[in-house]
Amino acid sequence: MFANRKIENIEQEVMDAVNMARKQQPLLNAMVSFTEVDEAIAQAKVSVGKMAGVPVVLKDNVLTKGVRTTGSVQILDNYIGAYDATITQKLKDAGAVIIGKSALDGLGMGGTGTNCHTGIVHNPYDLSRMAGGSSVGSAVLVASGAVPFSIGSDTGDSVRKPASFVGIVGVKPTYGRISRYGIIPYASSLDHVGYFTRSVEDAALALEVLAGRDDKDMTSSFREVEDYLAKLNGDLKGKKIGIFGNVIDAIKNEKTLTLFDAFIEKCVNAGATIRVIHMDQTRLQACLPVYYIIANSEATANHSNLDGVRFGMQEWGDSLEELMTNSRFKGFSFLLRKRFVIGSYSLADENQDLLLRKAQKVRRLLVDDYKAALADVDVLIAPASSDVAPLLTDTSADQLSARYLIAENHMVLGNFSGYPSMTIPMGKIDGLPIGINITAKPFEEQVMFDVALGMENLTGCKNMTVEVKI
Amino acid sequence: MIYPFEEPTGFFREDIVDHVLSSEDALYNAPVEEQGYFVIPKVVKD
């Protein structure tokens, strides 16, 4: 933990983090690159910032001036950041020491950690399992004990799902709460900066560091940043908690349901009021298709600048068009090219009304439903996944089942709506962690953190790490 | 729905120079650069 703790020996703490991440790398494959830390350590020693001396890792889609930033794609493999992202600068100003960049599913597209340019990332609890994605490296390095804090980004559930699979805290605040300037985008209307910690207190402090208006990001909010840590109150008495009924109905795993029921009983005993809330089931089943259409369309537009002309990897051709085609064909994996094809199809003039505009309309209906679901409660909760982390070899998911469409993908509603949403550990099943997702109303991060702290006190799942073994 | 919600962000600002990349920084990552320009295949053929 770093909240309410002054790091006395900064150099030692940072080098311990670097050495542990290096030692774990052959097993976890979570890092893309390590950065020089000498200058940052010197600055941290004289810093009075809120994260002075805290070793941190950034997802490799966060720009760092003068440091390689690949987005985990071949086409950016040689790209050196031309400027610092706003959050990079904020972390430096707060005295944090960036020790390196972590692996992600290419450009943030994917939820398994198996589509990284640098290879598969492994779950520290069981190396034969996935750790989720796309912010997989950042999640794994916090869970393994290498660093107490890391940055991720969340377009569908890319922070909150891996947090569930590796037993840590994953936060996606309100859309506009943290600047996205200098983050390689995925889908602009859904992208959020998120982050990982091992405690709710650290999560509250971290948002104080990261949040705030940034004129360089036109979607960033003017709202004042609160003193989340100082105001933190974990008393659940009188808190109104909604259970996302559709998600519970879709979960077929008895062990998950048993763990969840026991957790809810503890909440009741702590004085919380519980209500089960259902959304329109038919519309809810449209979440994932709507997400794919919107996200892939926006990604196709955003990444049209990755053409091999101005930066990144270039594959020469006899004409400009051939150069771009060659560069993009070589520079993107099959999975990414497939997403761009879907995006281009949805963006085509003849298809826009039928696909993209329709998806945007359904998004509105879903968000209206979600708003109504949260109207009379402080937070809405549900297991962040229907089961523990899947095996790397598991490709059995029936993608048309309610389990897949709702139980595995309900957290995308946090991106559709922009509402603040976080995952904390709920407990373990057969030694593997599984998380609970908590969502609050827009800009009510304080309420979300308060409830999360109360729940963390009930589960006792705080500062969880796991020793990485072969 | 194009964006999550209407939140005043006031992205109109005074027309003053701000956070400009130098030519050196902008061209640093260029695969092929010549005299301050990106180089592409010849468009007008001989």
Side-chain angles (χ1 to χ4, degrees), chain A residues 65-66 76 78-83 174-177 181 188-190 192 213-223 290 294 298 307-324 327 359-368 371 414-419 442-443, chain B:
Chain A
K65 185 170 171 60
L76 289 175
N78 60 355
Y79 180 73
I80 306 294
Y83 56 91
T174 310
Y175 188 85
R177 187 67 292 185
Y181 178 73
S188 302
S189 80
L190 303 166
H192 297 64
R213 168 67 185 174
D214 177 14
D215 284 343
K216 299 191 192 95
D217 176 358
M218 73 173 192
T219 62
S220 91
S221 170
F222 283 102
R223 294 197 191 208
V290 165
I294 292 175
E298 293 183 7
D307 54 17
V309 175
R310 288 154 294 180
F311 53 86
M313 191 208 77
Q314 184 180 80
E315 195 71 18
W316 195 256
D318 288 338
S319 67
L320 181 59
E321 188 180 351
E322 195 177 296
L323 181 154
M324 290 179 173
S327 300
Q360 288 169 334
K361 286 176 186 169
V362 178
R363 177 180 177 181
R364 164 64 69 193
L365 297 173
L366 283 162
V367 172
D368 286 348
K371 187 178 180 183
N415 304 79
F416 286 168
S417 64
Y419 290 6
F443 295 99
Chain B
M1 184 180 217
I2 309 298
Y3 274 100
F5 34 70
E6 298 297 326
E7 176 76 5
T9 54
F11 50 84
F12 292 111
R13 60 175 179 83
E14 295 303 314
D15 188 15
I16 51 174
V17 176
D18 193 7
H19 63 281
V20 176
L21 275 186
S22 66
S23 294
E24 193 182 34
D25 282 344
L27 290 165
Y28 184 81
N29 282 289
V32 192
E33 177 259 328
E34 211 174 287
Q35 296 176 10
Y37 291 93
F38 303 107
V39 177
I40 60 170
K42 204 169 180 180
V43 174
V44 180
K45 306 291 181 189
D46 295 328

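Reckoned from all heavy atoms, side chains included, excluding hydrogens, waters and symmetry mates. Order of the sequence lines sets the chain letters (A, B, ...), proteins ahead of strands, with each chain counted from 1.
A:V290 meets the side chain to side chain contact (heavy atoms under 4.5 Å, CB included) test with A:A286, A:I294, A:A359, A:V362, A:R363, A:F416; sequence neighbours excluded. Under the side chain to side chain contact (heavy atoms under 4.5 Å, CB included) criterion, A:S319 pairs with A:E321, A:E322, not counting sequence neighbours.
When ring centroids are compared, A:Y181 and B:H19 come within the 6.0 Å threshold.
The choice from A:M313, A:E298, A:Q314 that makes the most heavy-atom pairs within less than 4.5 Å of chain B is A:Q314. Of the listed residues (B:D25, B:V39, B:I40, B:V43), the greatest number of heavy-atom pairs within a distance under 4.5 Å of chain A belongs to B:I40. When each of A:T219, A:N78, A:I80 is checked for heavy-atom pairs under 4.5 Å with chain B, A:I80 comes out on top. Taking A:G176, A:S221, A:G66 one by one and counting their heavy-atom pairs under 4.5 Å with chain B, the maximum is reached by A:S221. With chain B as the partner, the residue from A:K216, A:Q360, A:R310, A:K65 showing the most heavy-atom pairs under 4.5 Å is A:R310.
Atom CZ of B:F38 has more than 12 neighbouring heavy atoms from other residues, nucleotides or ligands inside a 6.0 Å radius. Surrounding CG of A:D318 are at most 12 heavy atoms belonging to other residues, nucleotides or ligands under 6.0 Å away. Within 6.0 Å of OH in A:Y83 there are more than 12 heavy atoms belonging to other residues, nucleotides or ligands.
Atom-to-atom distance recorded for A:L366:CG and B:M1:CE is 10.0 Å, nearest 0.5 angstrom.
Smallest separation of non-hydrogen atoms from B:P31 and A:G308: CG-O, 3.5 Å.
Residue contact with chain B, scored on non-hydrogen atoms closer than 4.5 Å, involves the side chain of A:V367 exclusively. When heavy atoms are compared at a cutoff of 4.5 Å, A:N415 approaches chain B solely by way of its backbone atoms N, CA, C and O. For B:L21, the part lying under 4.5 angstrom from a heavy atom of chain A is the side chain only. Proximity to chain A (any heavy atom under 4.5 Å) is shown, for B:Y3, by both the backbone and the side chain. For A:S188, the parts lying near chain B are the backbone and the side chain together; criterion is any non-hydrogen pair under 4.5 Å.
B:N29 contributes no side-chain N or O that, together with a main-chain N or O of A:G312, makes up a donor-acceptor pair within less than 3.5 Å.
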